[in-house]
Amino acid sequence: MDQIRLQILTTATVATASENVLLSKFSMLTRFHAGFFRISLSLCGQVLLWKTLSEPRAAAAAVVDEPANALLRRLPPAASVLVWSLAFVTLVVLCLLYAARCLFCFRSVRAEIRHRVGMNYLFAPWISWLLLLQSAPFLQPDTSCYRLLFMLFSLPILALDVKIYGHWFTGRKQFLAIAANPTSQITVIGNLVGARAAAQMGWRESALCMFAIGISHYLVLFVTLYQRLQGSDSLPATLRPVFFLFFAAPSMASLAWGSICSSFDVSCKMLFFLSLFLFASLISRPALFRKSMRRFSVAWWAYSFPLTVLALAAAEYAQEVKEESADLLMLVLAALSVLVTLALMVFTAIRTGDLLTHDDPFIPEKSPARAAAC
Amino acid sequence: MEQVSAKQIPCEELPSLLQSAAAKEVAGFDSVECGNGGVISQTTQPAAAPKETEAVCSHLPAYNEPQDESKHSYSLSISLPTSPSGFHVLQAKQIGSPRTESTQLPPPAAVQLEQPKQGKFHSQPIPAVSIDGKVATMNGKVPDRRVSGGGESQQRDKRFDSFKTWSGRLERQLSNLRGKPQDLESGESSIIEAEDVPAVDRYFDALEGPELDTLRVSEVSVLPEDKKWPFLLRFPISSFGMCLGVSSQAILWKTLATSPSTSFLHVSITVNLVLWCVSLALMSTVAFVYLLKIIFYFEAVKREYYHPVRVNFFFAPWIACLFLVQGVPPTVAEKPHNALWYALMAPIFCLELKIYGQWMSGGQRRLSKVANPSNHLSIVGNFVGALVGASMGLKEGPIFFFAIGLAHYTVLFVTLYQRLPTNETLPKELHPVFFLFVAAPSVACMAWAAIKGDFDYGSRIAYFIALFLYVSLAVRINFFRGFRFSLAWWAYTFPMTGFSIATIKYSMEVTNALTQTLSVGFSVISTFTVSALFITTIIHAFVLHDLFPNDIPIAITQKRPKFSKFIAHLRSLSSDMEAAISKDSLEI
């Protein structure tokens with residue numbers, strides 16, 4: 001009798017223990033959200049930047065440029081493959097984790113999709129895949145494999161467009177006036193990245209289509225975000241780094257239009273200058289970011305991608321306007337983006353625990369869903 | 001101020017009186033050091049009274065009689081204010097026993113001298129009698145104020161110290177340097193705290209009107225409203241609007257003289273030369289005066305900067321300078337130096353970073369709340385810079401500023417057209433400030449034409465937008481009525497002038513009778529408006545003497561006055577009383 005009781009007890013303990021392990025794994029999944037794709041966005045953006053910079057460019061007259069060019073050309077192609085692989089692996093891991101979350105914690109995912117910040121990060125994986133595709137060292141844009149992959153990654157973006165922009169347009173709740181926040185610009189960036197990829201493949205009409213969708217919604221969003229209407233909920237202080245997206249969107253737009261027009265014309269320049277101005281405007285307000293810098297969180301990764309995109313646009317600009325100051329600007333921005341990404345990688349390595357400390361931010365406190373969440 | 005006359009006392013008898021009186025100085029006693037308030041002779045000319053008093057004082061021998069120490073003579077002084085709106089009751093003290101050996105003193109007949117030094121009494125602009133003389137409901141850091149006499153005062157008027165640079169310490173230093181040492185007031189702390197600048201909500205709560213320049217009935221001003229403030233304090237930043245108006249006229253007449261499509265008018269280039277010189281002189285004068293204001297009244301400048309409408313006028317000096325560069329007569333300089341452009345655009349860039357950054361992320365100053373037509377001044381600066389830079393031959397800089405201007409103009413245009421309910425500054429009625437709507441598209445059209453090299457579709461689209469806005473305002477000219485003239489109106493003339501110049505440029509591209517007629521017509525309208533405004537300004541300056549009224553909008557209180565309803569009620573009562581009194585006096 002006692003032995004049976006003992007057996008039951010031990011089985012129960014073992015079961016609880018494994019349940020605990022499972023629960024802890026699942027609780028990690030609840031705390032993992034689409035915002036983590038900021039990491040993959042940054043890394044894929046970095047890869048694209050490296051690829052762009054290391055391409056042979058038209059010789060500029062600058063003294064500044066020569067050593068930089070020489071340095072970049074001296075980097076072995078193995079280095080770029082390495083960086084690409086790192087980005088690829090990170091993206092795959094993140095996608096798998098998110099797939100697991102969808103499978104086991106669907107409630108959390110549903111809550112996330114409805115959240116005004118969470119819904120925008122659903123674009124992030126597809127943007128990362130597109131960036132990775134563009135910077136793939138072994139795939140050329142005119143192969144059918146490339147085209148297939150492009151369609152695979154851009155169709156979800158279009159589907160999400162219809163869902164989210166349609167919601168702005170006709171939804172009964174969550175009007176744009178209330179729901180608009182700086183992360184909404186990721187939706188615009190998604191369209192613009194798709195447009196650029198399409199233009200580089202030679203599919204001009206699709207490129208124009210995605211560009212038109214992106215830029216028209218960008219116009220509405222820009223005005224709404226600037227107005228900061230009464231009643232629009234403000235972002236929590238920890239999410240302030242997403243303000244950097246303000247200058248990511250026009251930079252991406254200038255790159256996309258440059259690819260469509262095959263030259264960096266006046267409109268591209270104007271968009272680039274706008275993003276430069278917004279960048280200057282944000283870095284001259286360090287007080288805005290002070291609260292969010294107190295504690296490391298995954299939101300810090302939001303600093304890297306916009307800087308990378310700005311550096312990319314600066315590279316295109318410098319190539320068009322062959323001037324010393326433009327080259328210098330490009331180098332400064334590129335260096336800044338590399339430094340910031342490296343710093344973030346170091347921080348993540350040191351404080352991995354901090355990344356997953358916060359509970360699921362998308363399910364409100366004290367709700368039955370939270371109690372029932374896996 | 002009324003002065004109760006005292007009996008004339010001969011000079012020989014004064015000494016003993018003074019000895020007894022000057023025995024002990026009672027703290028807070030309202031008297032001048034040279035004598036008891038009650039015994040100084042009153043002369044027939046009040047204006048000469050101070051000098052007379054001093055002359056009398058100088059004859060007095062020094063005190064040396066100890067037995068009268070205990071006898072103090074106090075005085076009751078009542079000063080009635082110059083305007084019927086206030087009533088100041090000073091400390092009433094008991095009357096000392098008169099001495100036997102001297103003449104019977106008249107009962108408390110204090111002469112309120114023009115130079116009181118001691119005592120802290122605060123003037124009140126509201127018609128309430130307050131015994132203890134404290135200003136009601138101000139915040140803890142009320143600046144020290146003196147009741148000053150009605151006539152000339154050799155002592156500095158301390159009431160404006162809170163608005164001076166470093167609370168008046170700079171001025172004291174300068175006077176010390178000049179060799180006229182100001183006496184430091186003993187018995188009061190020499191640290192006068194400057195009031196903090198009110199938050200933006202206070203400006204909206206306390207002020208009303210299309211330019212946020214009228215104090216609401218329930219508010220009080222920090223500075224006395226019935227006295228004329230120092231000139232520098234009354235000199236607003238919107239005076240730079242005059243420079244905008246005149247310098248844009250100079251550009252108009254230069255374009256009329258040099259453009260081929262208006263060559264049939266045979267306008268001489270001398271007009272441009274004259275106007276340019278006038279505007280240069282005006283700009284220098286206004287800039288100099290405002291520089292003085294910055295040096296001496298920095299706190300007042302700070303308050304103007306935080307005013308939601310006035311902040312836009314901080315762009316006006318730089319825009320006016322850019323206009324001067326654009327309108328320079330060919331005889332003076334053929335091609336200005338590029339460095340000048342960078343020097344002028346740098347302040348505009350810094351101001352923009354601040355103001356657009358505030359729209360995007362700066363706390364309470366959200367665009368949905370503070371948007372008003374004067375914000376166009378901040379946008380136009382970009383387009384003017386682009387135009388001038390492109391005319392000088394620069395390439396990237398003009399595109400940079402054009403891009404920034406276009407992006408933010410879109411935002412502002414949509415916001416103003418929406419007339420959001422949360423927007424508190426939009427005027428409910430038509431006001432000349434609405435003409436600023438025409439400014440941005442007109443200048444943008446010219447800037448784009450200069451950047452591109454020809455008047456292409458982009459410029460034409462911008463021009464037609466400007467045309468539509470202009471016509472839409474012009475047909476409502478009937479509704480522009482009932483406003484008090486203010487210097488800021490000059491700033492609203494430059495859009496009309498800018499539009500005329502754009503029309504001339506358009507007629508250069510598309511030359512036919514219609515466009516030429518339009519150019520001439522709009523130029524005539526703008527010149528006429530500027531002339532009319534000029535005459536009105538002259539009248540206000542020299543005939544009516546109210547070109548620079550007290551700048552109330554910068555003198556609002558930090559917090560809402562506690563008895564604001566009471567104040568509003570009393571104000572309405574007193575204005576009724578005044579009306580009744582004036583009616584009575586008329587009848588009599």
Side-chain angles (χ1 to χ4, degrees), chain A residues 177 180-182 215 218-232 234-235 237 240 242-247 249-251 253-254 264-289 317-318 320-323 325-326 329, chain B residues 345 348-371 375 379 382 385-386 390 394-424 444 447-448 451-453 456 458:
Chain A
N181 62 81
I215 211 76
Y218 181 54
L219 184 65
V220 175
L221 196 58
F222 188 71
V223 174
T224 311
L225 286 175
Y226 249 100
Q227 282 182 333
R228 290 200 294 141
L229 297 161
Q230 211 91 5
S232 69
S234 52
L235 277 179
R240 290 271 169 83
V242 303
F243 268 83
F244 268 39
L245 285 168
F246 265 105
F247 62 85
S251 310
S254 89
F264 207 78
D265 66 353
V266 181
S267 327
C268 300
K269 282 189 200 173
M270 295 209 312
L271 285 163
F272 171 62
F273 288 141
L274 177 64
S275 61
L276 262 185
F277 177 78
L278 292 169
F279 173 64
S281 174
L282 282 170
I283 55 171
S284 63
R285 308 176 82 83
L288 193 61
F289 302 104
Y317 175 68
E320 170 71 23
V321 176
K322 300 173 186 25
E323 270 176 39
S325 48
L329 181 67
Chain B
M345 293 311 287
I348 293 185
F349 183 71
C350 297
L351 271 171
E352 269 177 357
L353 274 182
K354 175 103 176 91
I355 289 177
Y356 300 159
Q358 273 178 343
W359 291 359
M360 199 202 316
S361 58
Q364 278 311 304
R365 288 180 192 261
R366 35 180 80 205
L367 189 59
S368 56
K369 188 174 188 179
V370 305
N375 283 125
I379 307 275
N382 293 300
L394 295 164
K395 287 259 170 335
E396 302 300 310
I399 301 181
F400 180 85
F401 282 101
F402 189 85
I404 300 173
L406 188 63
H408 293 90
Y409 178 56
T410 319
V411 177
L412 184 69
F413 190 67
V414 172
T415 312
L416 288 175
Y417 245 95
Q418 282 176 329
R419 294 177 70 108
L420 294 162
T422 48
N423 194 316
E424 306 186 33
W448 190 247
I451 289 174
K452 277 290 182 172
D456 68 348

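Here is the naming used below: chain letters follow the sequence lines, and residue numbers restart at 1 for every chain.
- In terms of heavy atoms, B:Gly357 sits closest to A:Ser281 at CA-OG, 3.8 Å.
- Rounding to the nearest 0.5 Å places CG of A:Leu274 at 9.0 Å from CZ of B:Phe400.
- In this structure, chain B has a heavy atom under 4.5 Å from the side chain of A:Phe246, while its backbone stays farther away.
- Here OG of A:Ser267 is found 9.5 Å from CD1 of B:Ile399. Values are rounded to the nearest 0.5 Å.
- Of the two parts of B:Ile451, neither the backbone nor the side chain holds a non-hydrogen atom closer than 4.5 Å to a non-hydrogen atom of chain A.
- Note that CZ of A:Phe273 and CD1 of B:Ile404 are 9.0 Å apart. Values are rounded to the nearest 0.5 Å.
- With A:Arg228 contributing its side chain and B:Leu367 its backbone, the two residues share no donor-acceptor pair below 3.5 Å.
- Considering every non-hydrogen atom in both B:Thr410 and A:Leu219, the closest pair reads CG2-CD1, 3.9 Å.
- For B:Phe401, no part lies near chain A; criterion is any non-hydrogen pair under 4.5 Å.
- With respect to chain A, the highest number of heavy-atom pairs below 4.5 Å among B:His408, B:Lys452, B:Glu352 belongs to B:His408.
- Annotation for A:Arg285 and B:Leu353: closest pair NH1-O, 4.1 Å, computed over non-hydrogen atoms.
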Intermediate values then yes/no, side-chain contact (heavy atoms from CB on, under 4.5 Å), B:Lys395 and A:Val321: CA-CA 10 Å; B:Lys395 287 259 170 335; A:Val321 176; over 6 Å; no
Stepwise side-chain contact (heavy atoms from CB on, under 4.5 Å) check, A:Met270 with B:Leu406: CA-CA 9 Å; A:Met270 295 209 312; B:Leu406 188 63; 4.1 Å; yes
From CA spacing to verdict: side-chain contact (heavy atoms from CB on, under 4.5 Å), A:Val266, B:Phe402: CA-CA 11 Å; A:Val266 181; B:Phe402 189 85; over 6 Å; no
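- Counting only N and O atoms by type, the side chains of B:Thr415 and A:Gln227 include a donor and acceptor under 3.5 Å apart.
- Nearest heavy-atom pair across B:Ala407 and A:Phe222 is O-CE2, 3.6 Å.
- Scanning all heavy atoms of the two residues, the minimum distance from A:Tyr226 to B:Tyr356 falls at CE2-O, 3.6 Å.
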